[in-house]
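Down below is the structure, laid out as structure tokens.
The first residue in the sequence is number 1, and the count goes up from there. Atom set for the values below is all heavy atoms of this structure, side chains included, hydrogens, waters and symmetry mates excluded. Order of listing sets the numbers, starting from 1, for every ligand and every atom in it.
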Amino acid sequence: MAAVPFVDLHAQYLSIKPEIDEAIARVIATSSFVRGPDVESFEAEYSTLMGAQHTVSCANGTDAIYIAMKALGIKPGDEVITTAQTWISTSETIGQHGAKPIFVDIDPVTSTIDVSKIEEKITSRTVGIIPVHLYGQMADMPAVMALAEKHGLWVIEDCAQAHLATIDGRKAGSFGNIATWSFYPGKNLGAMGDAGAITTDDAALARHMACFARHGGLVKGDHEMEGINSRLDGLQAAILNVKLPRLAGWTAQRRAIAKRYDAQLSGISGIALPTEVEGREHVYHLYVIEADDRDGLAAALKERGVPTVVNYKRALPFLPCYAHLGHRPEDFPVAYRLQDRILSLPIFAELTEAQQDHVAAAVREALA
Ligand SMILES: *Cc1c(COP(=O)(O)O)cnc(C)c1O
């Protein structure tokens, strides 16, 4: 069989081509390129689907985190607690406000922030916590919120990988003061370019974030504050409006594919499969296995037409951009150990059974 793609964005496009083409043509015909009616309807529909009072769209998921912190009043010298293992957006935006990211090691089962190690990192300068629902499984939000309340901290949930994930039936994004979302093309809900959003139940925060993202005002020329330019394009909103009603179905497909991998790959020595914790519904943005010889397995899979990715090859505390913080491997033993063991296998809603069989057979052969 032909090589299996890691993600096949074109397959998803073909499955909804007439509607996407029509939506794009309509935006072009009306020249509603920045914000406009599709953006307004997307914000309303996204709030409904996520169970949030307000959605503020913006240019990407990184800006979403930056804008959220700004609205919560972050200032230089503040400390923000976050996880050692995530995409750089979560921590680079803390630094962009002149604040300091305080990393916490990850839980060995879920790879999300280890809540039992948060309290020892709280100081008089700590203002908030940013947990990340990594790979599509939620962090232990009830425990994070209990700590935040005890210490008077705000919480921003980085939901970029976790659209429709739940914990005890409650959705990602519904716990913290603010939740941030990415619609980068490869995310579970992906645009055809950069796009992002912020959700909250707090009307004042929503208004502040909307103003800040739009040059400091909701009406052209009325600048209530200095802001930034981080708006959603009409084309991206129109595309997202076509995709949004399908998100639940695509999520169910991702979960079914993950269950199939679980069955196909169980009992193979040299690897460990992802764990879905009781009570949490994982949405499998990524299907991340652990391998004793990760690089050897990746090379053997590549030879067999199976591309893999390492998400992410260096845990944040060990990146060159944080060398000045002087972190040592023993400060984050779990993140340090996992960075050389993790490997993401192809997963996307349109992955066929034949393609999946090919991946599973390649893994078995490579480790035989
Ligand atoms: C993708 C991602 C982001 C950033 O989203 P962009 O839209 O690419 O800016 C932030 N956090 C996490 C965990 C992500 O995976």
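Near S182, the atoms of ligand 1 lying under 4.0 angstrom from a non-hydrogen atom of the residue are 1 (C), 5 (O), 6 (P), 7 (O), 8 (O). Near V132, with a cut-off below 4.0 Å to any heavy atom, the atoms of ligand 1 are 13 (C). Listed by number with element, the atoms of ligand 1 under 4.0 Å from a non-hydrogen atom of N60 are 7 (O), 9 (O).
R207 and E224 are joined by a salt bridge, as a carboxylate oxygen and a charged side-chain nitrogen come within less than 4.0 angstrom of each other.
For R170 and F175, the positive end sits near the middle of the six-membered ring, less than 6.0 Å away and at most 45° from its axis.
Looking only at protein heavy atoms, the nearest one to atom 15 (O) of ligand 1 is Q161 NE2, 2.8 Å. The protein heavy-atom contact nearest to atom 9 (O) of ligand 1 is T62 OG1, 2.5 Å.
The only member of F332, Y322, F318 that meets ring pair (Phe, Tyr, Trp, His ring centres under 6.0 Å) when paired with H327 is F332. Between E276 and the choices Q137, R255, H282, the side chain to side chain donor-acceptor pair (under 3.5 Å) rule is met once, by R255.
Geometrically, ligand 1 and Y184 share no nitrogen or oxygen pair separated by less than 3.5 Å. Any N or O atom pair closer than 3.5 Å counts here, and W87 shares no such pair with ligand 1.
Between F183 and F42, the angle of the ring planes goes over 60°, which puts this pair in the perpendicular group of the 30/60° scheme.
The heavy atom nearest to atom 4 (C) of ligand 1, out of those in A191, S89, G190, is found in S89. Heavy-atom proximity to atom 6 (P) of ligand 1, evaluated over G136, A160, A162, G61, is greatest for G61. If you check each of H133, E92, K187 against atom 1 (C) of ligand 1, the one with the closest non-hydrogen atom is K187.
When only modelled atom types and interatomic distance are considered, T82 and T90 share no side-chain donor-acceptor pair under 3.5 Å. Side-chain atoms of Y66 and S230 include no donor-acceptor pair closer than 3.5 Å.
Residue T86 touches ligand 1 through its side chain alone, judged by heavy-atom distances below 4.0 Å. Only the side chain of D158 comes within contact range of ligand 1, with a heavy atom under 4.0 Å; no backbone atom does.
Within the 6.0 Å centre-distance limit, the rings of W181 and Y46 are counted as a close aromatic pair.
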